[in-house]
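Inspection log for the structure reproduced underneath, given as C-alpha cells.
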Amino acid sequence: MTILAPPKTIEYRVTFHWTAESWADSTDEEGNYRYDDQPNADSTPVTVSLPDGASPWEVYGMADAVSELPPTDDEVFSWDADGMTIVFGDRSHFLSGYLINPNTTWAQFR
C-alpha cells in the first residue's frame with residue numbers, strides 16, 4: 001500500500017489597488033487633470049490557497065475570481081487597476097497591475 005502525502009499549499013493574501021479611471025471634478029478650470037485629488041482605493045484582501053510553487057499569474061487569477069471592486073459612488077465613475085500586493089510567508093510583494101501577465105515571475109515584484 002502506498003500512502004501519498006497531500007501536496008503542500010501556501011496561503012496568499014492578495015490586495016488589489018485601484019485608482020479612479022474617471023471621477024467627478026477630475027479637471028481644473030484650464031482642463032488639466034487634478035491627480036492630487038484623484039480617489040484611490042484598495043480591495044478587501046482575499047486569501048487563496050494554492051499548491052507550493054504557484055506562479056504570480058495563478059495567484060492573481062484565483063484572487064481576481066473572488067475579489068470585488070471597491071464601490072462606485074458619486075465621486076467615482078469607474079476603477080482602473082493600479083497594482084496588487086501579495087503577502088505570503090514573511091514577505092510582502094507588490095507589482096503594478098499593468099505588468100501582471102502569464103509570464104510574470106516573483107523576481108519582478110518589489
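Fair warning: this is a prediction, and the values are worked out from it, not measured in the lab.
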Which residue pairs pass the side-chain hydrogen bond (donor to acceptor under 3.5 Å, both in side chains) test when at least one of the two sits in residues 43-53, sequence neighbours left out?
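Sorted result for residues 43-53: empty, none.
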Residues clustering with L95 (ILVMFWY side chains joined when closer than 4.5 Å, directly or via others)
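Besides L95, the cluster holds I10, Y12, V14, F16, W18, V46, V48, L50, W57, V59, Y60, M62, V66, L69, V76, W79, M84, I86, F88, L99, I100, W106, F109.
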Partners of R13 by salt bridge (charged side-chain N to carboxylate O under 4.0 Å, His left out), sequence neighbours excluded?
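Applying salt bridge (charged side-chain N to carboxylate O under 4.0 Å, His left out) to R13 gives none.
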How long is the straight-line distance from [atom2] of [Y] back to [atom1] of [X], given to the nearest 0.5 Å?
| X | Y | atom1 | atom2 | value |
| --- | --- | --- | --- | --- |
| Q108 | N101 | CD | CG | 7.0 Å |
| N40 | Q38 | CG | CD | 6.0 Å |
| S96 | R110 | OG | CZ | 8.5 Å |

Verify the neighbour count for atom CG of D74: are there more than 12 heavy atoms of other residues, nucleotides or ligands below 6.0 Å?
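It does not: D74 CG has 12 such atoms or fewer within range.
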What heavy-atom pair brings F77 and A24 nearest, and what distance separates the two atoms?
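Distance-wise, the nearest heavy atoms are CE1-N, 3.6 Å.
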Identify the heavy atoms of D28 and R34 that sit nearest to each other, and give their distance.
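Distance-wise, the nearest heavy atoms are N-CD, 3.5 Å.
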